[in-house]
Amino acid sequence: MADLLIQPSRGLHGAITTPGDKSLSHRAVMFAAIAEGTTEISGFLTAEDTLNTAKAVQQLGITVEGLGTDRMLVHGKGLDGLSEPAGVLDLGNSGTGMRLLAGLLAGQNFFSVLTGDQYLRKRPMARIVEPLRRMGSMIDGRSNGKLAPLAIRGGGAALKAVEFASPVASAQVKSALLLCGLYADGVTTVSEPHKSRDHTERMLRYFGADVAESGLSVSVRGRRPLTAGGPVVIPADISSAAFFMVAAAVVPGSDLLITNVGVNPTRTGIIDILLQMGADITLEKERDQAGEPVADVRIRHRPLKSVQISGGVVPRAIDEIPVLSVAAAYAAGTTVIRDAAELRVKESDRIATIAAELRKMGVQIKEHSDGMEITGGSALTGTRCESHGDHRIAMSLAVAGLAARGETTIAGKEWIDTSFPGFEGLLRKTAS
Ligand code: S3P
């Protein structure tokens, strides 16, 4: 395990771009594989998670040119063009890779096995396995299908379209069912308690699928071909930009521009929450790119105040709550986060891990089963921290260290490569 050493910063400055959006990168390579024709993808995230998905797509018989670079050509073979993989598909650390592929593979006529690393093999799979079984696929896994590895015999011609009300607001669950629904006769409908990210809906439409939305429900009509049309241009990941946004917000003297950031309204909870905390953020050059809104984000330091985070904004900021906890630690007053029990089943139990690590730096935190109360405003002290095998915990602690007293050491920096290779270099360049 390698250490990341962080010194206090005198301010973050300049114009930077963060790597391509992870959610969009997974989807682009999967959807292009089942579209008819060749799709050019640019801005693809060349991190471990998304490269594992692209390799899985290759194992399903699809030619991917440029793998390992951010510009790829995917030679799609249409809905029925995938072939049975000879080996196990290993999605590494990625919940999105595993759950979305499980949905796609549940629609096929063949057998496949999905596995992942020690962290992914602990994450809940029943949330997709049960509804996918209901659609007519046979899926087994450890603990009767609750945990990966998952063995999938797709439903093929026997698939049934379903109406499914998901108890959790999860784009991974929604997307898995919509992908399987592409193969079922009739209309598959998924509803959720709050709106989760809608990249699947937007991108499936971009590939010509018949997708309809009504309130918190999304439907797809099955057995309609997808077609490679325009190029897929992936913007910078707002979830990666979030580390730099919070860093610039909390380190005095900062003035930072992050260019080409995806600002899909189902992802911008981080901006709304920081604005509520009093941060100085402006969106510039707002534009549309391949069906997704994009902007440049400027952020300058300004003292922050505490905030309440609950309800519908939680899924819109779910991956940013660890770094928002860091913002809360530097904000005056007590920030209350509720309705966020999903954090307990991410790459780590993010309520337990961020609370434990920020406490080591001197922050007062009370844990709830579905959130935290973070009392901010006192100085943080740099110390030795753990990443807990979680990229976003490691990067959040790096941000905490930039505004702390003394040096912060984060053990396990290699986990950052699952989503943000180059994070350390970009931080060193930006935060003098
Ligand atoms: C993702 C959905 C979210 C998010 C994850 C990426 C996606 O997970 O936490 O990092 O790309 O669909 P859930 O849908 O499980 O909440």
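Read the numbers this way: they start at 1 and go in the same order the structure lists the ligands and their atoms.
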Less than 3.5 Å between some nitrogen or oxygen of S175 and one of ligand 1, yes or no?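 No, S175 has no N/O under 3.5 Å of an N/O on ligand 1.
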Checking the N or O distance criterion of under 3.5 Å, is ligand 1 in contact with A171?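 Among all N and O atoms of A171, at least one is under 3.5 Å from an N or O of ligand 1.
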When you measure from the side chain of R359 to the backbone of I365, do you find a donor-acceptor pair of N or O atoms at a distance under 3.5 Å?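 Pair found, side chain donor or acceptor close to backbone of I365.
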Whether the side chain of E40 engages the backbone of R71 through a donor-acceptor N/O pair (distance < 3.5 Å, no angle test) should be reported.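 A pair under 3.5 Å: no.
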Return the closest protein heavy atom for [atom] as residue, atom name and distance.
{"atom": "atom 4 (C) of ligand 1", "value": "D319 OD2, 3.3 Å"}
{"atom": "atom 15 (O) of ligand 1", "value": "S170 OG, 3.2 Å"}
{"atom": "atom 8 (O) of ligand 1", "value": "K346 NZ, 3.0 Å"}
{"atom": "atom 6 (C) of ligand 1", "value": "T96 OG1, 3.2 Å"}
{"atom": "atom 11 (O) of ligand 1", "value": "S23 OG, 2.6 Å"}

Give me the one residue out of T353, V399, L397, I393 that meets side-chain contact (heavy atoms from CB on, under 4.5 Å) with P322.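 Only match with P322 under side-chain contact (heavy atoms from CB on, under 4.5 Å): I393.
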What pairs with F243 under ring-ring contact (aromatic ring centres under 6.0 Å, His included), at least two apart in sequence or on another chain?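 Result, ring-ring contact (aromatic ring centres under 6.0 Å, His included) vs F243: none returned.
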Indicate, as side chain, backbone, both or neither, the part of H199 found under 4.0 angstrom from ligand 1 when only non-hydrogen atoms are considered.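 Neither; nothing of H199 gets under 4.0 Å from ligand 1.
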Taking side chain as C-beta onward, heavy atoms only, is T39 less than 4.5 Å from Y206?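 Answer no - side chains too far apart.
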Numbered atoms and elements of ligand 1 in range of I318, under 4.0 angstrom, heavy atoms: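 Those atoms are 9 (O).
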Determine whether R267 and E292 satisfy the following criterion, salt bridge (Lys or Arg N to Asp or Glu O under 4.0 Å), listing intermediate values before the conclusion. CA-CA 11 Å; R267 297 283 300 281; E292 288 281 347; over 6 Å; no
Would you say R27 touches ligand 1, if touching means a heavy atom closer than 4.0 Å?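 A heavy atom of R27 does come that close to ligand 1.
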R197/D21 ion pair, N-O < 4.0 Å: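 Looking at D21 together with R197, the answer is no, because their closest N to O distance does not fall below 4.0 Å.
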